[in-house]
**Student:** 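Here's a structure for you.
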Amino acid sequence: MSGEPTDNDAEAEIARLEKRHARERAARQEAEAIAERSTRELYDQQRRLVLLQGMVVAANEATHIEDAMATAVRRICAFSGWPVGHLCLCAENGDVIPTAVWHFNDAARFEEFRRVTEQMVFPRGVGLPGRVASSGKPAWITDLGHDRNFPRAKLVKNLNLKSGIGFPLLVGNDVVGVLEFFTDVQQEPDEDLLEVMAHVGTQLGRVIERQRSNEALERSEKYFRRLTENALDLITVLNADGTIRYQSPSIQIVMGYSPEHYVCRQVADYIHPDDVGAFTQALNLARQRAGSTRLLTFRFRHRDGSWRTLEGIGNNLLADPVVAGIVFNCRDISERKRLEEQFLQSQKMHAIGQLAGGVAHDFNNILTAVTVCSDMMLQQLEPSDALHMHAEEIRKAANRATALTRQLLAFSRKQVLQPRVLDLNTIVADMERMLRRLLGENVRFVTVLPPDLGRVKADPGQIEQVILNLVVNARDAVLPPVRDPQLVIETANVTFDRTHVGLGDEVPPGDYVMLAISDNGAGIPQDIRAHMFEPFFTTKERGRGTGLGLATCHGIVKQSGGRISVYTEEGRGTKFKVYLPRVTDAAEVLRPPHQPAVLPRGSETVLLVEDEPSLRNLGMDVLRELGYRVIPAANGTHALDIVEHDTAQQIQLVVTDVVMPEMGGLELVEELRKQAPQAKILYTSGYTEETIVLGAGIAFMQKPYTVATLANKVREVLDG
Amino acid sequence: MKGIIFNLLQEIVEAEYGEKAWDRMLEAAQVEGAYTSLGSYPDSDLGKLVGAAAGALKQSPDDIVRWVGRKALPLLAAKYPHFFRPHQSARSFVLTLNQIIHPEVRKFYPGANVPEFDFDVSSPEVLLMSYRSARRLCSFAEGLVEGAAAHYGEQVAFEHLSCMKRGDAKCLFRISFRKGEP
């Protein structure tokens, strides 16, 4: 066999090459087909990507869920070429509710379909939306007209809609909505379309989830904002440098400024200069440690310039990325502070009153002895006698001391009141001449006394003392250099309701009569206002005032069930207002007591009950001197013993002290009434531990008394 | 199976034995032979071609497949150098099969059904590699690993501990790489 190629070899080679060319041609054709298929797939993929990207953009840009859904429905219709798209949402009970989110390629044609659909509700498993919601999976209906679970079959038949698809909008595994699409071409399930729809469903589910999260967040944010904004406490967030970053709206009510006013301002600018140091120190300490809290009390400036006391707690939340500030929660405790001060003041006044009353009581007993002894000396000494003058001086000094102790008792509210129904206008009118004289010609004195003024029940002598004391103070306030000095006394009917009566007020709501005494004088400086009702507190020069004037007024008004208030402005004047409870009884006519020049005498039997031996002996001497038969007793028990042994029928008058050891005057009288009902009673007292309000028919004699007072009062009671 | 495997086979056969040898293989295997790299072709075509080669070269089909794997690797390295360049050793390269190479293969050749590998790297000297594929082309993997060792100038020793062809659930190789030419 030669090595030369033969024709057969050549033919075989040609055949091989032809086959090879054929294979290569086939491979090329296949490669072209693959390329074409790839291009088509790329195109489809691109369309899907565009659709999904559109969904993402719509989802991110939409502020409302409906906007995102409308865009989604429109884009899916454009992508699939299906003419009708619609959104349904799932209710909490699982029903699927059609929404107004639609897309049509011909709105007029599908109007009836839209209207009917929107009136329907699809329970789970019912209709296209219901079965998608129930299964959580897409549903494809190739032939709508013959589907047994499609309530709108008749409608779609009329509209010539052939196929439909519904797919779920999923949040996790929960179906939150269903998108349904319809086409007028009968179509078999398209896996590609279903795959795209699954992606879209997941995307839109996320939109709904995000929207719901946002809504929940918004609700929560609103809830907590409302809580903060409606809290009566002040909530302030400070930056580390002490500037205010946030201020809750309640500040407007408490401090008068809007919350915005404070933002970016230094909190220290509003704090009282005396409190800034402590506040800053506390702030620094709080700033040093994350999470630390500080309790603070400080004064904060109101818009009107006044200071409000705030109590607050600061919490360092600088390290908390959400807050990143120091949070103060403050409360206006000005009212509480005022009440505390008022309470302390009242406690102080009560303590001073106790002291003053106690001193006055013992002092009155001593003064009675001094007065009665000096009276007896004056009766027995000739005026020419050198001792007569000394006795007179003793008597005058005793008078001055008596006036002082009476004022002390008035302040301590331990006087025995003899209240009457009064017309304050009459009292003011009766005093007017005396007051004009007191004020002098330079002071313009005006009275404003409305005729319809109501009545009050009070001790007239006490009320006169109140008026006198206030007028004397006013007179001293309008001394030169006050120009055109004037003093006004006015009365009026006033009614306090709950809105007028604050928590701290000591009088209940009701009808009152106001007596106001105002002047245009110097006013009362801020620093002494707190002390002005205290006894022995005076701004007058030495010797001009006892410091008991306002204290007395305070005591009398309080004891009479009223209140006294003061409004004063430095350099402009002062107005004292006395409020006394209004009564409906008619006013009583007041008669000045008759004091005969010659001491009246008698021969009746008098039981004299007095625990103080010197007073008992003096009283016994005076009454025996005046012709009476006197049975002395050291206290109530002793008196009852005497009456048992003696004939009770003989006693015509009992003169008894009110406060005594073992048995007091009131108790004694109660017992005595059984054995000696005929006996008349005359009470005496330096003060009473508990205030005794004696009725109009009960006789009373205030210690210290004079010989004349004792003689006259005993006769008056025996004859009464 | 993706056409690229057939293309590689054709390239190797033609390079080693000439154009005619490939044509003869196709004739002997009785397959169409029009393979494009992106096309998908029946797995049986490869079996037929390997069978034809084994018959012609008087070798076992596994040896043929292993030889193809070994010869294919330099071609792949020339075609896709960026998969090889980052590595200094065959072990490091082999370990990227699951995480890098096969995901990329799937991108290039949509529908490619690549095998699964698992590695036990607890020993620095020995690499335990498991192979799982319905095609049971463990010899091809073995050849490729040998090719990779040669690419990085290393020697490699295999122990085929278990094999799917023997009824095991997966193939397991104990592989030792050593630096230096054989």
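Letters go in sequence order (proteins before strands), and every chain restarts at 1. Atoms considered below: every heavy atom in the structure, side chains included; atoms not considered: hydrogens, waters and symmetry mates.
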**Student:** Does CG belonging to A/D106 count more than 12 external heavy atoms closer than 6.0 Å?
**Tutor:**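 Enclosed.
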**Student:** Do A/R20 and B/D23 sit within salt-bridge range, that is, some charged N less than 4.0 Å from a carboxylate O?
**Tutor:**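 The answer is yes: the pair qualifies as a salt bridge.
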**Student:** Before you tell me yes or no, could you show the steps for B/E32 and A/R23 under side-chain contact (heavy atoms from CB on, under 4.5 Å), namely the whole-Å CA-CA distance, both residues' side-chain angles and the distance that decides it to 0.1 Å?
**Tutor:** CA-CA 7 Å; B/E32 287 287 330; A/R23 280 201 304 275; over 6 Å; no
**Student:** If you count the non-hydrogen atoms of other residues, nucleotides and ligands that lie under 6.0 Å from CZ in B/R135, is the total more than 12?
**Tutor:**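 Counting neighbours around CZ of B/R135, more than 12 heavy atoms of other residues, nucleotides or ligands fall under 6.0 Å, so yes.
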**Student:** Side chain, backbone, both or neither: which part of B/E27 has a non-hydrogen atom closer than 4.5 Å to chain A?
**Tutor:**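 The answer is the side chain of B/E27.
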**Student:** About how many Å separate CD of B/E19 and CG of A/L17, when rounded to the nearest 0.5 Å?
**Tutor:**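 If I round to the nearest 0.5 Å, the distance is 7.0 Å.
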**Student:** Is atom NE2 of A/H146 surrounded by more than 12 heavy atoms (other residues, nucleotides or ligands) closer than 6.0 Å?
**Tutor:**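 Incorrect, the count does not exceed 12.
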**Student:** More than 12 non-hydrogen atoms from neighbouring residues, nucleotides or ligands closer than 6.0 Å to NZ on B/K2, yes or no?
**Tutor:**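 Correct, the count exceeds 12.
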**Student:** Heavy-atom distances under 4.5 Å only: say whether A/E13 touches chain B with side chain, backbone, both or neither.
**Tutor:**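 A/E13 touches chain B through side-chain heavy atoms alone.
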**Student:** Could you tell me which non-hydrogen atom of A/A26 sits nearest to which non-hydrogen atom of B/A34, and how far apart they are?
**Tutor:**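 Minimum heavy-atom contact is CB-CB, 3.7 Å.
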**Student:** To the nearest 0.5 angstrom, please state how far the OG1 atom of B/T36 sits from the CZ atom of A/R28.
**Tutor:**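 Answer rounded to 0.5 Å: 12.5 Å.
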**Student:** Near B/K165 NZ, under 6.0 Å, is it more than 12 heavy atoms from other residues, nucleotides or ligands?
**Tutor:**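 Count over threshold, so yes.
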